[in-house]
Amino acid sequence: MRLSSIRLSFMHLSLSRASGGLVASIALCTAPAVAAPLPHDDGIGPDAVRKEKPRFAILEGANDYVRSVARRNAVGTSAFSVIGLPDTQNYSSSYPQIFTAQTDWIVANRSALDVRFVSHYGDIVNNADQPAQWVNANNSMSVLDNANIPYGVCPGNHDVTSSGSSGQPFIPQNYLTNFGPQRFVGEPWFGGASPSGLSNFTYFSAGGIDFLQVHLDVDTPVGELAWAQAVLDAHKDRPAMLTTHRYLQDAEDYTSGVPVVPSGRYPSVWYSVEGLYNPNGIQSEDFFQWFVKRNTNVFLVTCGHFHEEFRQVSTNVVGKPVHEVLADFQDDPNGGDGWMRIMRFDTFANVIDVDTYSPTLQAIRTAPESDFNLPVVFDDYRLPQGVQFMSFQQGIASYAGTQDTWVSQDNPNTSYGNNNTRWVDDDTANSLFSDYRGQGLIRFDGAIGTSGVPAGSTIVKATLVLDIADDIDTPLYNPVFYVHPVTRPWDENSTWNSLSGGLTVGADLQPAVAQFLGDNVPNTETMRRLDLTSTVAAWAAGAPNYGVAILPQIISGNDDGIEIWTSESGNALLRPRLEITFIPPTPTNIADLDRDGIVAGADLAILLSAWMTPSPVADLDNDGTVDAQDLAILLSNWG
């Protein structure tokens with residue numbers, strides 16, 4: 001937020017190098033000098049050159065910031081605040097009064113700023129094995145508990161290792177003892193936690209919208225993300241925010257803007273310097289490609305860890321923007337000087353106004369990386385009213401109905417139902433004289449029915465999501481692969497010969513309803529999203545669900561095919577997935593016996609004509625006889 005109307009006096013934070021480290025000095029600051037905390041191993045070498053820190057402004061009065069925000073938002077009720085608490089590790093170890101000053105300020109200004117939620121970005125403490133630091137952190141965060149302010153936390157590397165360095169033993173026990181799910185059980189805004197307790201989700205409602213916030217373990221393992229995928233799938237009616245500790249870096253601020261390592265998500269090369277902190281963790285680019293990008297209700301990802309401020313905008317699978325925002329101030333004096341993020345959501349104007357404020361300095365940062373707006377059309381990230389969503393993916397939300405395999409003309413009696421990949425190829429044998437086909441099959445049992453999408457539903461959109469394990473490698477060809485609805489039974493034990501010589505269009509398959517190219521463009525894009533709306537609509541209308549087959553384009557001289565991950569893949573996020581958006585059928589009034597949309601004289605005549613018989617049509621209470629109780633039910637629904 002720009003505060004041009006408020007009289008400001010300026011203060012400049014400069015950095016100089018002394019004794020191999022960085023020394024901060026502040027002009028016009030009245031706070032006493034405090035020794036800077038020890039540097040943290042974040043993968044940036046000790047000889048790196050940092051850009052000068054941004055200018056920020058000191059407000060004349062302690063309440064000016066709050067009053068200015070309150071005045072600006074007094075004209076409407078669609079604006080509210082979400083507070084971000086970046087890495088508090090140095091406060092817990094050396095400056096607990098600053099940590100408590102932050103939470104005290106949040107509580108004191110809850111009403112004026114309409115604070116609805118607080119998100120901690122991880123690294124609650126500096127050393128996971130130091131009980132005193134957990135006591136300090138607990139004391140500071142308990143201020144929010146006592147005021148009944150909803151909040152969420154996630155572990156950072158310092159919360160699960162003894163000093164925050166990669167390669168150290170993973171020791172999350174103290175984090176779980178102090179900030180595990182038992183801390184939040186019983187709170188109406190707490191949705192639940194992953195089986196490990198290291199990830200969780202929470203709710204809050206404001207500005208006429210119900211929101212979902214998910215906090216995720218550091219270097220989030222696939223198992224945690226599989227749990228989180230089920231959470232996001234179950235809440236497509238809520239715009240969602242994610243918080244995890246390590247996700248973005250701003251290396252260009254350490255190299256005078258030269259992109260030795262471009263700022264953004266951590267690249268793979270970075271992990272050779274700063275390895276994974278979680279023994280089962282994944283890299284941040286995989287976190288985006290496998291999880292963030294695929295979830296269309298996610299509009300914001302916040303993180304800490306890297307000692308800078310940075311933001312970028314990525315795009316999800318339907319072309320909508322995903323804002324990714326980093327904030328971490330632990331390198332500033334006094335362990336971070338109390339800087340925190342104040343995000344003002346305005347759901348009417350479709351914008352998030354982000355300020356960076358310190359209660360201890362009574363200051364805001366005015367550089368563009370500290371003071372900015374994020375445009376968000378919130379309705380784009382939730383289902384319209386009356387529309388529902390279900391997904392079917394092996395191992396996600398306990399779904400176990402995926403059937404998939406492939407059949408090989410070269411090995412016509414071999415079944416491949418237990419393989420973790422399936423081949424689709426116009427010549428699996430790479431023969432010079434004959435082509436031996438490989439055809440893929442996939443089916444989602446129960447997708448339509450009592451435990452799936454209700455029969456008779458209107459299918460708004462159905463998408464088959466596949467991930468390629470091995471794409472087309474030859475530069476000479478980029479064949480097309482075709483998706484056909486199957487019209488005959490099969491199972492994972494099926495073979496080329498058991499299907500009477502493979503599958504053919506007309507006899508076993510309907511014409512293709514979708515197609516895709518075999519080459520990944522770019523190479524990191526392994527996902528294929530295929531429109532199956534018409535096929536799933538036919539299933540919902542009563543057609544049998546025999547799944548779909550994937551057949552290769554036949555190209556003379558091309559011996560290259562593709563390998564697709566199956567439901568047996570060790571990575572649950574890459575298993576085949578069917579997404580269905582639908583409108584359920586309108587419930588039928590049981591008393592409308594002639595199904596004309598109204599309970600009237602014709603229905604009464606039907607009931608009376610079946611009086612004292614076991615008529616399945618008119619026995620409304622299912623007691624075996626049409627009698628006075630059924631008449632009462634009909635009359636209570638009259639009209």
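None of the values given here were measured: they were computed from a predicted structure.
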Shortest non-hydrogen separation from Leu326 to Gly304 and the atoms involved
CD1-O, 3.1 Å

Just checking His120 against Phe179, ring centres under 6.0 Å apart?
no

If you measure only the distance, is there a donor-acceptor pair under 3.5 Å linking the side chains of Ser314 and Glu324?
yes

Counting N and O atoms only, with roles assigned by atom type, does the side chain of Asp560 sit under 3.5 Å from a partner on the main chain of Ile472, one being a donor and the other an acceptor?
no

Gap between atom CZ of Phe299 and atom CG of Asp380 - 0.5 Å precision:
12.0 Å

Okay, side chain of Ser457, backbone of Phe582: is any donor-acceptor separation there less than 3.5 Å?
no

Looking only at heavy atoms, the pair that brings Leu503 and Gln439 closest together is N-OE1, 2.9 Å

Is any side-chain heavy atom of Asp425 closer than 4.5 Å to a side-chain heavy atom of Pro552?
no

Flag the pair Asp237 and Arg382 as a salt bridge only when some basic side-chain nitrogen lies within less than 4.0 angstrom of an acidic carboxylate oxygen.
no

Please walk me through it: do Leu374 and Met343 pass side chain to side chain contact (heavy atoms under 4.5 Å, CB included)?
CA-CA 10 Å; Leu374 303 175; Met343 296 178 282; 5.9 Å; no

When you look at Thr315 and Val322, which way does the side chain to side chain contact (heavy atoms under 4.5 Å, CB included) test go after all the steps?
CA-CA 6 Å; Thr315 304; Val322 180; over 6 Å; no

Check the angle between the aromatic planes of Tyr482 and His484 and answer parallel, tilted or perpendicular using the 30° and 60° thresholds.
tilted

Would you check if Phe444 and Tyr399 make a side-chain contact, meaning some heavy-atom pair closer than 4.5 Å?
yes

Mind running ring pair (Phe, Tyr, Trp, His ring centres under 6.0 Å) on Phe190 and Phe184 for me, showing each step along the way?
CA-CA 6 Å; Phe190 182 67; Phe184 308 103; 5.5 Å; yes

Heavy-atom side-chain contact between Leu464 and Arg577 under 4.5 Å
no

Looking at Lys320, I want to see if its NZ is surrounded by more than 12 non-hydrogen atoms of other residues, nucleotides or ligands under 6.0 Å.
no

If only atom types and distance count, is the side chain of Arg488 paired as donor or acceptor with the main-chain N or O of Asp508 below 3.5 Å?
no

Taking the basic N atoms (NZ, or NE/NH1/NH2) and the acidic carboxylate oxygens, is any pair closer than 4.0 Å for Glu579 and Lys461?
no

Using only heavy-atom distances, determine whether the side chains of Gln213 and Thr202 contain a donor-acceptor pair under 3.5 Å.
no

If we ignore hydrogens and angles and just use 3.5 Å, is the side chain of Asn571 paired with the main-chain N or O of Leu573 as donor and acceptor?
yes

Can the positive tip of Arg265 be found less than 6.0 Å from the middle of the six-membered ring of Phe288, inside 45° of the ring normal?
yes

Side-chain heavy atoms of Thr414 within contact of Thr495, under 4.5 Å:
no

Check whether Thr161 reaches the backbone of Asn157 with its side chain - one donor and one acceptor, N or O, closer than 3.5 Å.
yes

Do Gln249 side-chain atoms and Gly264 backbone N/O form a donor-acceptor pair below 3.5 Å?
yes

With no hydrogens and no angle check, just 3.5 Å: does a side-chain donor-acceptor pair link Thr566 and Asn420?
no

The reported gap from OG in Ser263 to CZ in Phe306 (rounded to nearest 0.5 angstrom) is 7.0 Å

State the CD-CG distance between Gln553 and Leu517, to the nearest 0.5 angstrom.
9.0 Å

Phe516 and Phe481 aromatic ring geometry - parallel, tilted or perpendicular at 30°/60° bounds
parallel

Side chains of Leu551 and Val424 in contact at under 4.5 Å (non-hydrogen atoms):
no

So, the side chain of Thr533 versus the backbone of Ala462: is there a donor-acceptor pair under 3.5 Å, distance only?
yes

I'd like to check Leu232 versus Asn297 (side-chain heavy atoms, cut-off strictly below 4.5 Å). Are they in contact?
yes

Taking the cut-offs as 6.0 angstrom to the six-membered ring centre and 45 degrees off its axis, would you call Arg422 and Tyr416 a cation-pi pair?
no

Which distance, rounded to the nearest 0.5 Å, do you find between the CH2 of Trp290 and the CE of Met527?
13.0 Å

Does Ser408 offer a backbone N or O that forms a donor-acceptor pair with the side chain of Asn411 under 3.5 Å?
no

Taking the ring centre of each residue, are Tyr247 and Phe287 less than 6.0 Å apart?
yes

Presence of salt bridge, Arg443 and Asp491, under 4.0 angstrom
no

Should Arg294 and Asp467 count as an ion pair when the cut-off is N to O under 4.0 Å?
yes

Using 0.5 Å steps for rounding, measure from the CG atom of Leu242 to the NE2 atom of His215.
9.5 Å

Going by the rule ring-ring contact (aromatic ring centres under 6.0 Å, His included), which residues pair with Phe170 if we only count those two or more places apart in sequence or in a different chain?
none

Quick one: does any side-chain atom of Thr405 pair with a main-chain N or O of Gly417 as donor and acceptor, under 3.5 Å?
yes

If I compare all heavy atoms of Pro267 with all of Val261, which pair ends up nearest, and what's the gap?
CG-CG1, 3.7 Å

Rounding to 0.5 Å, atoms CG (Asp286) and OG1 (Thr220) come to a distance of 11.5 Å

Quick check against the 3.5 Å criterion: does Thr244 have a side-chain atom that pairs as donor or acceptor with the backbone of Arg246?
no

For Arg437, is there an ion pair with Asp427 - N to carboxylate O distance below 4.0 angstrom?
no

ring-ring contact (aromatic ring centres under 6.0 Å, His included) partner of Tyr277, the single match among His305, His245, His158
His305

